[in-house]
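Report on the structure given below.
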Amino acid sequence: AMDGAPPASPAGLSAYVAVSQLLGLTLLATTGAWLGRYRGGVAWHSPLQFNVHPLCMVLGMVFLQGDALLVYRVFRHEAKRSTKALHALLHGLALVIALVGIVAVFESHHTKGIPDMYSLHSWCGMAAFVLYLLQWLLGCGFFLLPGASFSLRGWYKPQHVFFGISIFTLSIAACLLGITEMLLFNIRDSYSLFVPEGVLANTLGVLLVAFGLVVGYVLTRDDWKRPPLAEELALSMDFKTLTEGESPGG
C-alpha cells in the first residue's frame, strides 16, 4: 500500500458485496410488496398482526444476519475489536427483530385459535432462532468478554464459523417453508394457475436463495478472508509465548 493507505479490497469482492446488498434490499421490498398488495399490510394487535412475522423474519434472520456475517469481509483494515463489536451488534439487532416476529405469530395464533408449532416450518424456524441465540451468546462469551483464553478461542472459532453459515442456511430454508405454507393456506385453489400473488411469492423465494448463495460465496472464498493486521499478529505471538512458552521466532 502506498503512503500508508490501506490496501485495496481483493478484485471482485466489492462487486459481490454490492450485489448482495442489492439482493437484500430487493428481498425486503418484495416482502413488503407481497404483504402490502395481497395480504392487507402490517399492523400490531389487529387481524394483520400475523404479517409482522414474515417481514421481521426476512429482515432479521436473513438480511441482517447475512450482513453481520459479511462484516469481516467488508471491514478488512479496521481495528479487529470494532469490527467484532459491529458483528455482534448486527447479530443482536437481528435477534431482537426476529423475536418481535416470533411474538407476532404466537399472539396472532392465540387470537385466532390456531395451534402452534405443528408444522415443519415452525420446527425449522424455531430451531434456527434458538441456535442463533445460543451462537450469539457463546460468541459474545468467547470473543468479546476478556475472560476466554487464547487457546480456548482458537478451539471455538472453527465451530463458530461453521454454525454461523449453517444457521444462516437454516434460516433461509425456514423462510422458504414459510412462504410455501402461507401460499397453501391463502391461495391453495388458485396457486397452480400462476396467479400474480403466487408468482411474486415464488420470486421472493428465489431472491432468498440468491442472497444466500452470494453471501455464502463471499464467506467461503479463502482469498477474501480478512487478513490479520500487524498488531494482531504481534499480539497472537505474545499470547503464544505466554500460553505455550514458545519463543516468537521459534
Side-chain angles (χ1 to χ4, degrees), residues 24-25 27-69 88-141 163-189 191 197-198 200-205 207-209 211-212:
L25 294 170
L27 202 58
L28 294 175
T30 309
T31 308
W34 178 22
L35 298 173
R37 183 171 171 82
Y38 296 104
R39 296 286 121 226
V42 170
W44 202 262
H45 290 317
S46 89
L48 299 174
Q49 184 172 11
F50 174 85
N51 293 348
V52 175
H53 175 72
L55 189 62
C56 283
M57 285 352 221
V58 169
L59 174 57
M61 296 295 289
V62 179
F63 182 58
L64 285 175
Q65 183 178 179
D67 274 7
L69 294 175
L89 194 70
L90 280 173
H91 279 311
L93 184 61
L95 275 165
V96 170
I97 291 169
L99 184 61
V100 171
I102 289 173
V103 170
V105 75
F106 277 108
E107 283 197 2
S108 165
H109 279 178
H110 292 166
T111 309
K112 296 174 181 171
I114 298 169
D116 293 315
M117 297 302 300
Y118 66 88
S119 68
L120 180 59
H121 162 65
S122 61
W123 288 21
C124 290
M126 192 55 82
F129 179 77
V130 171
L131 288 170
Y132 193 28
L133 179 60
L134 284 173
Q135 166 90 341
W136 187 74
L137 292 171
L138 285 169
C140 287
F163 279 105
I165 294 179
S166 302
I167 293 163
F168 178 60
T169 307
L170 179 59
S171 301
I172 290 174
C175 285
L176 297 178
L177 288 168
I179 290 168
T180 305
E181 197 172 290
M182 250 179 100
L183 290 171
L184 292 177
F185 279 143
N186 291 313
I187 58 163
R188 175 175 301 163
D189 298 333
Y191 187 22
E197 181 178 356
L200 183 68
N202 286 358
T203 305
L204 173 58
L207 286 166
L208 281 160
V209 172
F211 179 72

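Count residues from 1 along the sequence.
- The side-chain contact (heavy atoms from CB on, under 4.5 Å) check on Val96 picks up nothing, with sequence neighbours excluded.
- Separating the OG1 atom in Thr203 from the CG atom in Leu27 is a distance of 11.5 Å, to the nearest 0.5 Å.
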With a cut-off of 3.5 Å and sequence neighbours excluded, list every side-chain donor-acceptor pair involving residues 134-141.
unit_1, atom_1, unit_2, atom_2, d
Gln135, NE2, His160, O, 2.8
Gln135, NE2, His160, ND1, 3.4
Trp136, NE1, Ala88, O, 2.9

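- Listed by first then second residue, pairs satisfying salt bridge (charged side-chain N to carboxylate O under 4.0 Å, His left out) with a partner in residues 178-187 number zero, not counting sequence neighbours.
- By the side-chain contact (heavy atoms from CB on, under 4.5 Å) test, Thr111 is found to be paired with no residue, residues two or more places apart in sequence or in another chain being considered.
- With sequence neighbours excluded, no residue satisfies ring-ring contact (aromatic ring centres under 6.0 Å, His included) with Phe63.
- With sequence neighbours left out, His109 forms a side chain to side chain donor-acceptor pair (under 3.5 Å) with Asp116.
- With sequence neighbours left out, Tyr38 forms a side chain to side chain donor-acceptor pair (under 3.5 Å) with no residue at all.
- The side-chain contact (heavy atoms from CB on, under 4.5 Å) test applied to Ile165 returns Thr169, Leu219, Thr220, not counting sequence neighbours.
- For residues 32-57, the salt bridge (charged side-chain N to carboxylate O under 4.0 Å, His left out) pairs, not counting sequence neighbours, are Arg39-Glu197.
- Counting only residues at least two apart or on different chains, the side chain to side chain donor-acceptor pair (under 3.5 Å) pairs with a member in residues 40-54 are Gln49-Glu107.
- Every pair tested for salt bridge (charged side-chain N to carboxylate O under 4.0 Å, His left out) that includes a residue from residues 121-131 fails, sequence neighbours excluded, so the list is empty.
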Identify each donor-acceptor pair in which a side-chain atom of residues 122-131 lies under 3.5 Å from a protein atom, sequence neighbours left out, and give them as a table.
unit_1, atom_1, unit_2, atom_2, d
Ser122, OG, Ser119, N, 3.2
Ser122, OG, Ser119, O, 2.7
Ser122, OG, Ser119, OG, 3.3
Trp123, NE1, Met117, O, 2.9

